[in-house]
Amino acid sequence: MKQKKYWQSFGELKNSDSYQDGVQDEFGEDLVVPESGNGLMDAKSPRRDFLKYLGFSTAAAAAAAGCEMPIKKSIPYLNKPDTIIPGVPNYYATTFMQDGDAIPVVAKVRDGRPIKIEGNELSSVTKGGTSARVQASVLGLYDTARLRYPIANGKEASTFEAFDKMVADGLAGIGGKSVVLLTETINSITTKNIIASFLAKYPGSRHVQYDAISANGILNANALSFGKRAIPSYQFDKAKTIVSLGADFLGTWLSPVEYARQYAVGRKINQQNPEMSKHISFESMLSLSGANADDRYVHLPSEEGAVALNLYAALGGAVAAPSIADERLKKGIKSAAEALKASGSASLVISGSNNADVQLVVNAINQLLGAYGNTIDWSTTLNTRQGDDAAMVQLVQDMNDGKVGALMVHGVNPAYDYFDAKKFESGLKKVGVSVSFNDREDETTSLCKFVLPNHHYLESWGDAEMKSGYLSFIQPTIAPLFKTRAYQSSLLKWSGETTTYGDYFKQYWLNQFGSQTAWDKALQDGVVETPVAQSAGSYISASLAAAVPSLTAIKPSGKTELVVYTKVSMGAGKDANNPWLQEMPDPITKATWDNYAIISYAMAKELGITVDDNYEVEVDKPVIKIKAGALEYILPVLVIPGVHKNVIAVALGYGRSEKTGRAAANVGQNAFPLVSFDGKSFSYSVSNVSFEKSKETYKIAYTQSHNQYEGRAEVVREYSLNEFKKNPTILADVRHELVEDYAKNTNDYAAEGTLYPSHPYPGPKWGMSIDLNSCIGCGACTVACTSENNVAVVGKKEVMRSHEMHWLRIDRYFATYRDDSGSDNLDDLNVVFMPMLCQHCDNAPCENVCPVNATNHSSEGLNQMTYNRCIGTRYCANNCPYKVRRFNWADYMGADSFGDNQREVLEDSVMMMNDDLTRMVLNPDVTVRSRGVIEKCSFCVQRLQEGKLKAKKENRPLETGADGKWDIKTACQQACPTNAIVFGNANDKNSPVSKIRNEEQTNRLFYVLEQIHVLPNVNYLAKIRNTYRHVGVAEEAHHEAGEAVGGDHKEVKKEEAAH
Amino acid sequence: MYSTSTQSTAGMNKKRKILQKLQSVLIFVAFFSIAQMAQAQDGKALFNAKCASCHAIDKQLVGPALKGVEDRWDDKKMLYEWVRNSAAVIKKGYPRAVAVYNEYNKVQMTAFPELKDQDIDAILDYINTGGAAKVAAGVTAAPTDGSAAGGAEESDSNLLYGILTLILAVIALILLQVNSNLRKITDQAEGVRSAEPIPFYRNKAYIAILAIIFFLVGGYVTFQSAQGLGRSKNYQPEQPIYYSHTVHAGINQINCLYCHGGAQESKHANIPSVNVCMNCHMGINEYVKGPQLLREDGSKVDGTAEIQKLYQYAGWDPDAKKYTGKGKAIEWIRIHNLPDHVYFNHSQHVTAGKQNCQTCHGEIQKMGEVYQYSDLSMGWCINCHRESKVQFTENKFYSIYEKFHEDLKKGTLDSVTVEKIGGTECQKCHY
């Protein structure tokens, strides 16, 4: 029988000695012991010196304290605006904008400065969901690398008027050559109007939209099969079977926040009638979506057409599909076809390919299944990608041919992310007037003659129509920090208008809405939606014919292929200077501050890289030299199971220039040159790649090997849907063993299982429930927590030393099947994501080891951490079974008044977070922790206090989610696009968290390491896989796990009895 | 230092109060029936609520001085109508109305349609009897100063105990000396040879006692002052403008929340912005009637000059009655400083906890320049949290504390303190 095993690292899988050492030593640091053996007096710091320093520092402290108190000023407003009460935040609905993406958000503005971004719950598209990048965007406002004034010919332009004049003079002198406006995808109605009138002013001019991560393939395919160059609305919530051909729709594909929300609808399980959607993934590397799939199959990038054609054929499509050699893949296509047939029109097939031919086949599949009009809606289209790859290539050619007189760049950076950046640069030199509206001196901007930085979205007016009929407005939440101007204002000016964009925008929408009241409401709500009945579109079947032969003609050339992909955190690299995102561990690799080559276990073996011993414990990673055509890359490798054995994957968005910012500089390498143009679209894969191992090593800051459970087993629980249906109490029975063993008399494991008295909880008792079935591992919660709680950025060097500070980490578990011979099939794997944060144990092991009672229990069930009392013994962190406590090894946030605590200790990227400008993002309600204290998740206690106070002031009971009313949501809960996290008062019978625990999800409910009786206040709901295979740990595996890692044998036996 | 000044003002207040009381009683008894007085009282309330923000009785503010207003209007009906809706009267072209409108830069008077004829009569009565009623009102509402006296008494008795202790100690010392002298004499008389007499300052017993006392007192002082490091009780810096809470909150009875409105809804009570000051000081441009203001060092304060300073900050030209647009914010010196790791929320205490400002800030209505009344130490906070009762039955928020409600009913619990609901736990203030 195949056995399934859950593991976080190869060390754990193989249970190596180094892994064991790492587990023992959670901080990865040895005590500083004098090197010479001659005794303490000869050591570098002998006892007498120590006493001298001690005496001096005590005296100094006393002297410092004895000095006069510094005089602090308190300066009220001269004229206080009506809407501002200092200390009370205001919330403004606005829209996050980047690379054509538009996410409706609400900005929390405290004392005039935005400090937190939340999703706008009024939007039916996202329903308040966000992504890591949306959460981190508030830090972008305070980015020190933002340009602070307009630049003309390398010098600061004194005024906007002077700048305008220089540009006007320039434009007057281009002599009949064309003016080209090169932008990211524009989905704003007013901006499109302004662009149209600007273009009308300059005959022969044109507007080119360019997407670094292009959707050209799908757009062109739809133009052929539906006569519309657009993207329909996918409805993952209506799909019973989802088959993704390499589309990372949960992470980075088109509109991931929307898709994640819909996807979660189909993945939530009703205990009474357990049903869920089935998600099958075909891909080349391990993407976030693939990681969440129920069944997952790998293929070479060059096989994507073959896979699509085979699937079409298997569903009954009349095509001659090329043969596929890989047996497992063949079987996979067959079972996917069966699942799709079974769910009929409630199926959805998507492809991430940028090859229009592949997309044409996918359209044919969806048409065959009847998905159009059911799971795919053509009456509402997605406007966030409109770029035309061929137009961009043509533009670069025209620039080189000297046909372009003026180029105005907004929101794009081709000198970095265009595949042939050199050609773009040489073309740019031939352009007479080059203007950049970008916010920083990025690769393209530094080559432009005129630079007029645009506002940050939090400083702007604007509108976005991310889907047809779904408007979202942008309103400024702060006056512009720098001398910047909306690029639309510039275009208006240069087309001879006198109004600013702000006025134009307001007037336009006032006219549209007809009345000030209606317009005010629209702006206040942030979103205006006019949904229309869904339609299937009119499919043109003839479109497929030409695609089939060209797809069949694609044959793998060479053994190894390479794909470039985008990370959830970094995207195409716009946010490279955002330290929060750089430090957010990638959901799959768990690496920070870098890009690297991801290879499979098989390829590693071939290269002679031993992955089973020190591999994850050591930060030094082997380096390979990759040759792809004329390009050569020397990249560190990360071995990730689940990658096709002949595929190398490299992330885009890294390797930014020095001027992009202190955090972006010198991080990773630029993989965009690996992109190619196939005559119609950009291609994100390269075939015929050769590679060899180099002798060098490279350090990668990788977090998954930190914070281990010391061999304690059964942290995640997973069952297959069939198993769960057949035996709904499979998990509840296991948990009941604890009652039988330890609480025979009262059946109350919590009370009887301990000698300690239990805490009384007279009022609210806080509890959290995390649904592993809904969690997709996207990391929005991690960044939301960082933003809400002033969590420090520590930098790459410190992450390598296990010093990362995230209060909420997402553990990634690979689950592979071990066959009878004992070897693991690493292709056939599932991934389980588990958000791990302080469990706020009622019987907390950390509390009773603290010598100064700095961590103790509150009457509301919080495990409180008091920074000003903490003396930094770290006993608590040692004793925490979940390893969620973080120690401030350095003064990361500048909380101490002594600058020397930071100098030469912290990296430049961390020092960037200490800039006065950047510090404006700090939440004033949360203490900035100083060096030498422990910190950890507080359940957002500042929000709890605020929510309770609100209820008290309004003289009513607290609302914690009963009837959908919330006084309190934790930052992670609010950020989650899939509602995987539910928080509330467990003492309130009507709160969702109580209902989940006591009524709705009693069968999937479990607590991590419940057997050690720490009584956590965070519960999890077991992961259910909609697969026919056996999932979860078989009983034999328990023996092995127990014996191998010295786990709790008793627990193993209990589990056996349950089976 | 500050206490002496408050005592002296208190004393002065007392004397003045008696005089004023006599005066007002005489006036009332002499001239008015009880009914009329009641009307004047209503008139006063109405005047303060509706008129006072723009009018004074005998001084021109935003609007004209109201003394003799009845004489200036021939038709009383028109006056009624004017008060209820001035725009209508102007439209009708009633000459007096048009004249006033033009004279005051065509600023329209707020309409008060809710005022009935008798209300307006009451206001007019109040205006006619104005000065006297005002004084009377000022007297009846003047704060009592029993607590200040109580404080003084307490410090007096401390002194008394101290002196008493000292006297007793001296007597004890003398008695001891007498005792030893007597013993010496009896010993000599009985012929017993006693040891060589040693002076008391070389007596080891005395030295030991002294050493112990020194150690105890020294230790106490050291501990106290160490504990006081970083605390600033009684901190009273000189502010950019001599702003007297005595005048505003004390004599004029302005509600604390009028200026410090943030205390109701925010964590910060907020020092009012300059435009809030100007709400009143646009009209009140001199300080003449109130008592002489004194600084801590006894020097006199010119109230009118301080108001002029405010105009400087506000950018207000008092002659042209216009803003010049050249204002700047006032840089007050912050008195109450909590460490960064303490979270304190005013609205929690004021709105939810229904605490008086004075509980923590002392008798602010008697302070000239503000000083820090409490030491703002953690022990001080905790003590209050231990003793203060929450609005347990009144506030529905606490309905979720079912057990306490049962205990209250059963009588096993007599009240619920802040501590009882977790008010002394770390993360109520530190996060």
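Reminder, nothing fancy here: chain letters follow the sequence lines and each chain counts from 1.
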### Message
B:Asn252: which residues meet the side chain to side chain contact (heavy atoms under 4.5 Å, CB included) condition with it, sequence neighbours left out?
### Response
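B:Asn252 satisfies side chain to side chain contact (heavy atoms under 4.5 Å, CB included) with B:Val247, B:Ile254 only.
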
### Query
Can you tell which of B:Ile271, B:Val276, B:Thr351 has the highest number of heavy-atom pairs within less than 4.5 Å of chain A?
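Ranked by heavy-atom pairs under 4.5 Å with chain A, first place is B:Ile271.
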
### Task
Sort out for me which of B:Tyr343, B:Tyr401, B:Tyr313 touches chain A most, counting heavy-atom pairs under 4.5 Å.
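Heavy-atom pair counts peak at B:Tyr401.
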
### Query
What do the steps show when you test B:Lys428 against A:Glu860 for side chain to side chain contact (heavy atoms under 4.5 Å, CB included), and what is the final call?
CA-CA 11 Å; B:Lys428 290 295 185 294; A:Glu860 295 172 5; 3.6 Å; yes

Please classify the contact of [X] with chain A as side chain, backbone, both or neither, using a heavy-atom distance under 4.5 Å.
X	answer
B:Asn270	side chain
B:Tyr398	side chain
B:Pro339	neither

Heavy atoms only: give me the nearest [X]-[Y] pair and the separation to one decimal.
X	Y	result
B:Asn337	A:Lys72	OD1-CD, 3.3 Å
A:Val941	B:Tyr431	CG1-CB, 3.2 Å
A:Pro76	B:Ile330	CD-O, 3.3 Å
A:Lys80	B:Asn275	N-OD1, 3.4 Å
B:Lys328	A:Leu78	O-CD1, 3.6 Å
B:Gln348	A:Leu949	CA-CD1, 3.5 Å

### Query
So which bits of residues 954-962 of chain A come within less than 4.5 Å of chain B, counting non-hydrogen atoms only?
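Residues in range: A:Asn955, A:Arg956, A:Pro957, A:Leu958.
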
More than 12 heavy atoms of other residues, nucleotides or ligands under 6.0 Å from [atom1] of [X]: yes or no?
X	atom1	answer
A:Tyr875	OH	no
B:Tyr311	OH	yes
B:Asp297	CG	yes
B:Lys389	NZ	no
B:Asp340	CG	no
B:Asn255	CG	yes

### Query
With a 4.5 angstrom heavy-atom cut-off, which part of A:Thr866 approaches chain B: side chain, backbone, both or neither?
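The side chain, not the backbone.
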
### Task
Can you tell which part of A:Lys950 gets under 4.5 Å to a heavy atom of chain B, answering side chain, backbone, both or neither?
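Interface part for A:Lys950: neither.
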
Is there a side-chain contact between [X] and [Y], using heavy atoms and a 4.5 Å cut-off?
X	Y	value
B:Gln391	A:Lys952	no
A:Asp988	B:Ile400	no
A:Asp925	B:Lys267	yes

Treating [X] as the side-chain partner and [Y] as the backbone partner, does any N or O pair qualify as donor plus acceptor under 3.5 Å?
X	Y	value
A:Gln864	B:Gln427	yes
A:Lys953	B:Glu265	yes
B:Ser266	A:Pro86	yes

Mind checking the [atom1]-[atom2] spacing from [X] to [Y]? Nearest 0.5 Å is all I need.
X	Y	atom1	atom2	result
B:Ile335	A:Ile71	CD1	CD1	11.5 Å
A:His857	B:Glu425	NE2	CD	9.5 Å
B:His268	A:Ile85	NE2	CD1	11.5 Å

### Query
For chain B, which of A:Arg110, A:Glu935, A:Arg929, A:Arg869 has the most heavy-atom pairs under 4.5 Å?
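Result: the option with the highest number of such pairs is A:Arg110.
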
### Query
If you tally heavy-atom pairs under 4.5 Å against chain B, which of A:Ser938, A:Pro760, A:Pro764 wins?
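Most heavy-atom pairs under 4.5 Å with chain B: A:Pro764.
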
